[in-house]
Amino acid sequence: MADKQAGEEKMAKVVSLCKRRGFIFPSSEIYGGLKSCYDYGPLGVELKRNVMAEWWRAVVYEREDIVGLDASIMMHPRVWEASGHVAGFQDPLVDCRNCKERFRADKAPRAEQGTEVEYLEGGKKGGKKLRRVVERSYVCPVCGSPDLSEERMFNLMFRTNLGPVQAEDSTIYLRPETAQAMFVQFENVQATMSMKVPFGIAQTGKSFRNEVTVEHFIFRSVEFEQMEIEFFVEPGTQAEWMDHWTKERVGWYRRYLNKPDDVRLRRHEKDELAHYADDCCDVEYFFPWGWDELEGIASRTDYDLRKHAEHSGKKLSYFDQNKPDPATGKPGWRYVPYVVEPSAGATRSVLMLLCDAYDEEPATEPGGEPRVVLRLHPRLAPYKVAVFPLVKKDGLPELARDVVKRFYKAGIHARYDEQHSIGKRYRRHDEAGTPYCLTIDGQTKEDGTVTIRDRDTMKQERISLDAAVRVVRRRLGEES
RNA sequence: GCGGGAGUAACUCAGUGGUAGAGUGCCACCUUGCCAAGGUGGACGUCGCGGGUUCAAAUCCCGUCUCCCGCUCCA
């Protein structure tokens, strides 16, 4: 219970800092906000872009077997029929007026229409016994009451119309996941890039779901951003690729965390698997409210390519000239590749990183203020370096501005700051997660050195001004 | 969608029918030679929104929106 309260307090602090420091604002706030929608402010957009850039670098730039894709958010409506989203995302839901349970009508216990059934008021043990006639052919699965709300269709996909004229046949959907485009473009990508199985397609982008419930700030929202890979493999090799990808992805998260053990892998039970999957693992993070999913890594067999082949009438398969067909033994094997899908939430990663990075240090001196610091990995931090004149005189601001420009030119995101005292500037950048602060002082003019201050240790050392860009770059791990 | 809690300054919060407050932050100038603690001055609130009761509403009533916590689903 104390943990739960501590978790809620932590979240409140993170949310507050996000707004105070320009990471994340409620959407449309001056109009009262919009449910579940958030805007990434000047610091938040940098953090999110850095996360996605690091992911792209790891899965596209640093390996030869994956290429990228950026598909349109709106796709042919039949894509979603093939994928099962039109059917699967559209369930008739009913609320029980008696015990307040919400359930799927098609999965509720059957009962004969017109008969009278007995149930307990409120669904509670001590409740009064009530009797009522069954109006529909089922009752509440929890309390057995036939006192039910109307069936309501919950379509989890956002609908809109293509073309300015609203008509039934112009209905299209905003994608509920980025994955399908990679299946639909499988052949184009494979052929144009001469990709040989095993190979993958990577894509990042926004997806949309009319979630029944949204919660935990940006954790579950109707508009969210994904980082997905569809990795196509030879049938029969999916288990070893699951092994590869689970290790790869867990390792990726842990590289950026102060507390790597807050990320774990959870293998789904057999009865938890979707009907098309033969294995699935979740990468989970220990959020302030408990373990929750960051990424799902699913072994989806050949389900998706097969479905799209059926619905489109196109042959979605791969021909391996160097392998004999296992059925006939003749050279050349045409098969529908199996898919391993590491599907990550970019916005969830952002929240994870903020939670992991948030830290409070007690005041070092009596009467001092505690220090709030975001210990973001330097490569993810919005600003890599802040440059200050120690005082606002003696030509120090001019000198500092010259230094900032060196970082601009080097492509390193830097910030000039001369407001308030030097101590306040350090603290302000601690909250922004800026890993390094350079301070220009009187000595700079004499011997061309500046101090570089480390966010985490608050230690300073003097380095030569001319080496500043190089030193920062080395610390960012961009130069050895 | 249902149940519970909450919305007052940029942030954290006080204010239970009678002139909207505090701390932090923010702005300007001075000061300041290294970790939010100096001085002087200053700006900022449709009290979430709409309606009602009242001589008078941040405060009471109704509706609505948003957020948080539970029930459900997923990245």
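All chains are named by letter (A, B, ...) in the order of the sequence lines, taking the proteins before the strands, and each is independently numbered beginning at 1.
Remark: the D447(A) side chain and the T449(A) side chain contain an N/O donor-acceptor pair separated by less than 3.5 Å.
Searching all strands for a Watson-Crick or G-U wobble partner of U40(B) with both distances below 3.5 Å returns A28(B). Nucleotide A6(B): paired with U66(B) (Watson-Crick or G-U wobble, both distances less than 3.5 Å). With a cut-off of 3.5 Å on both pairing distances, the Watson-Crick or G-U wobble partner of C60(B) is G52(B). Both distances falling under 3.5 Å, in either a Watson-Crick or a G-U wobble arrangement, place G1(B) opposite C71(B). With a 3.5 Å ceiling on both atom-pair distances, the Watson-Crick or G-U wobble partner of U12(B) is A22(B). As the counterpart of U46(B), no nucleotide is assigned, since no Watson-Crick or G-U wobble pattern has both distances under 3.5 Å. Across all strands shown, C34(B) has no partner, as no Watson-Crick or G-U wobble contact with both distances under 3.5 Å is found.
Here the nucleotide nearest the side chain of Q460(A), chosen from A10(B), C34(B), A75(B), is C34(B). The listed nucleotides are C67(B), C34(B), C69(B); the one nearest the side chain of K35(A) is C67(B). For K19(A), whose side chain is taken as the heavy atoms from C-beta onward, the closest listed nucleotide among A10(B), A75(B), C34(B) is A10(B). When the nucleotides A75(B), C35(B), C69(B) are ranked by their closest atom to the side chain of R453(A), C35(B) comes out on top.
Separating the CD atom of E215(A) from the C1' atom of G70(B) is a distance of 10 Å, rounded to the nearest angstrom. Here C67(B) presents its C1' atom at 15 Å from CD1 of I218(A), a figure rounded to the nearest Å. Whole-Å rounding puts the E29(A) CD to G7(B) P distance at 16 Å.
Within the cation-pi definition used here (under 6.0 Å to the ring centroid, within 45° of the axis), R264(A) qualifies as a partner of W291(A).
Not less than 6.0 angstrom separates the ring centroid of F186(A) from the ring centroid of H308(A).
Across all strands shown, F217(A) has heavy atoms under 4.0 Å from sugar-phosphate atoms exclusively, and none from any base. Within 4.0 Å (heavy atoms only), S221(A) reaches at least one base atom of the nucleic acid. At a threshold of 4.0 angstrom between heavy atoms, the contacts of E9(A) with the nucleic acid are absent. At the heavy-atom level, L17(A) lies nowhere under 4.0 Å from the strands shown. Among the atoms of the strands shown, only primed sugar atoms or phosphate atoms (P, OP1, OP2) are found under 4.0 Å from some heavy atom of S343(A).
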Sequence-aligned protein contact record of nucleotides 26-33 of chain B, with B where the base is within under 4.0 Å of a protein heavy atom and S where only the sugar-phosphate is: SS----BB

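Remark: E461(A) engages R475(A) in a salt bridge, criterion side-chain N to carboxylate O under 4.0 Å. D282(A) has a carboxylate O that lies under 4.0 Å from a charged side-chain N of R266(A), or vice versa, which qualifies the two as a salt bridge.
Of the residues listed (K270(A), R267(A), R300(A), Q238(A)), the one engaging D279(A) in a side-chain hydrogen bond (donor to acceptor under 3.5 Å, both in side chains) is R267(A), and it is the only one.
Each of A12(A) and G345(A) lies near RNA chain B, and the nucleotide nearest A12(A) is the one positioned closer to the 5' end. Projected onto RNA chain B by closest heavy-atom contact, G296(A) and Y38(A) fall at different nucleotides, the more 5' of which corresponds to Y38(A).
For the salt bridge (charged side-chain N to carboxylate O under 4.0 Å, His left out) condition, the pairs that include at least one residue of residues 412-423 of chain A, sequence neighbours left out, are D417(A)-R428(A).
The phosphate of C11(B) has neither OP1 nor OP2 within less than 4.0 Å of any side-chain N or O from R20(A).
Residue-nucleotide stacking is present for F224(A) and A75(B), judged by a side-chain ring centre under 5.5 Å from the six-membered base ring centre and planes under 30° apart.
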Candidate pair L374(A) and F23(A), rule side chain to side chain contact (heavy atoms under 4.5 Å, CB included), full reasoning: CA-CA 12 Å; L374(A) 273 192; F23(A) 280 93; 3.6 Å; yes

